[in-house]
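Below, each value reflects all heavy atoms present in this structure, side chains not excepted, and no hydrogens, waters or symmetry copies. Just so we're on the same page: letters track the sequence lines, and every chain starts at 1.
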Amino acid sequence: MVRRRLVSGCMGKRIVKTSVLDDGILDRVSASRLAKVLKGRRVRSVERIGKQLFVEMDGGGILTIHLGLTGDVECLETGAKNGRWARLSLQFDDATELAYSDLRKFGAIGITDSIEAFVADRKLGPDALMITEDDFVARVSAHRKGIKAVLLDQHVLAGVGNLYADEALFQARIHPLAPASGIQSRRLRVLHRLLQEALSASIAVETDFERLPSGYLLRARRKGGPCPRGNGYLVSIVAAGRTTILCPRCQRSPRSLEEKVH
DNA sequence: GAGTATGTTATATG
DNA sequence: GCATATAACATACT
């Protein structure tokens, strides 16, 4: 969704000025080098792998953008207000700008020469929306840790966040702590499909979860919220170090976990 | 003041 | 070295 916004907002435009308002969001690049690399360049394309965005420039140089937890990009008229969390602005030759804002500053902006090199360096797995069913099953089942931790591991596959891992596991009726390597491959195939559906659905509604169909966990994702299937109430646990919301009746814990408790 | 938050990564542990 | 778990990061809000 953000990629599309960038495509429509900056494609073909030439950068005339780069303003770094807070260099805390810069990753392995100085404000001066960033400005130098981008000056005079024209935006050729915008790509995405997982949560990572790549703004490719004519004549080389690729701007890398990761939104972290609270990052956002907008295309505005130059000088338009962009709030107290504005961190970076790229001004174009047509009096518009790409404005990056980020409350918590967990985002990262940098420069690379090639997407392939960047991906190899960060060891990013295949994009969650592009990965084939077979590759998904092979990669996920290669790990013994809890299935949710595997889904969130950007090295296994890229693009699944905490909320979407919860959603896909709820849809597939799989407990988040179930060891990934112990899940039947036909259940993983179902999970693959449901994960891609959940991600696509979220993009389709621009992450406005209220617009999702009623069966979605994301609409009621809070401790004590109603199970979308009407099977009681949702509970909260910690999985992979993250808040995890699940329905204990739909997502039964596997036998191996029951034994741990006893 | 305490607790929590949609992500990644460095560090600790076994 | 490998797999996994946890802390740390910066900031606002309940």
Rounded to whole Å, the CG-P distance (A/Asp27 to C/dA10) equals 14 Å

Atom CD of A/Gln154 and atom C1' of B/dG7 are separated, to the nearest Å, by 8 Å

task = Determine the Euclidean distance between corresponding P atoms of B/dT9 and C/dA12; express it in Å to zero decimal places.
result = 24 Å

Next item on the list: Pick the C1' atom in B/dT6 and in C/dT4, then give their distance to the nearest Å.
Entry: 23 Å

Side chain of A/Arg104, base of C/dA12: donor and acceptor closer than 3.5 Å?
no

task = Return yes if a side-chain donor-acceptor contact under 3.5 Å exists between A/Thr78 and A/Gln91, otherwise no.
result = no

**Message:** What's A/Thr207 touching, base or sugar-phosphate or nothing? Going by heavy atoms closer than 4.0 Å.
**Reply:** nothing

### Task
Assign A/Arg222 to base, sugar-phosphate, or nothing according to its heavy-atom contacts below 4.0 angstrom with the strands shown.
nothing

Whichever of A/Ser236 and A/His66 has the more 5' nearest nucleotide on DNA chain B, that residue is A/Ser236

Query - Any A/Thr243 side-chain N or O less than 4.0 Å from OP1/OP2 of B/dA5 - result: yes

Of the candidates B/dT9, B/dG7, C/dA12, the side chain of A/Leu69 sits closest to B/dG7

From the candidates B/dT6, C/dC9, C/dT11, the one with an atom nearest any side-chain atom of A/Arg221 is B/dT6

ask   = Less than 4.0 Å between a side-chain N and a carboxylate O, is that true for A/Arg221 and A/Glu167?
value = no

- side-chain hydrogen bond (donor to acceptor under 3.5 Å, both in side chains) between A/Asp94 and A/Thr96, intermediate numbers included: CA-CA 6 Å; A/Asp94 67 343; A/Thr96 65; 2.7 Å; yes

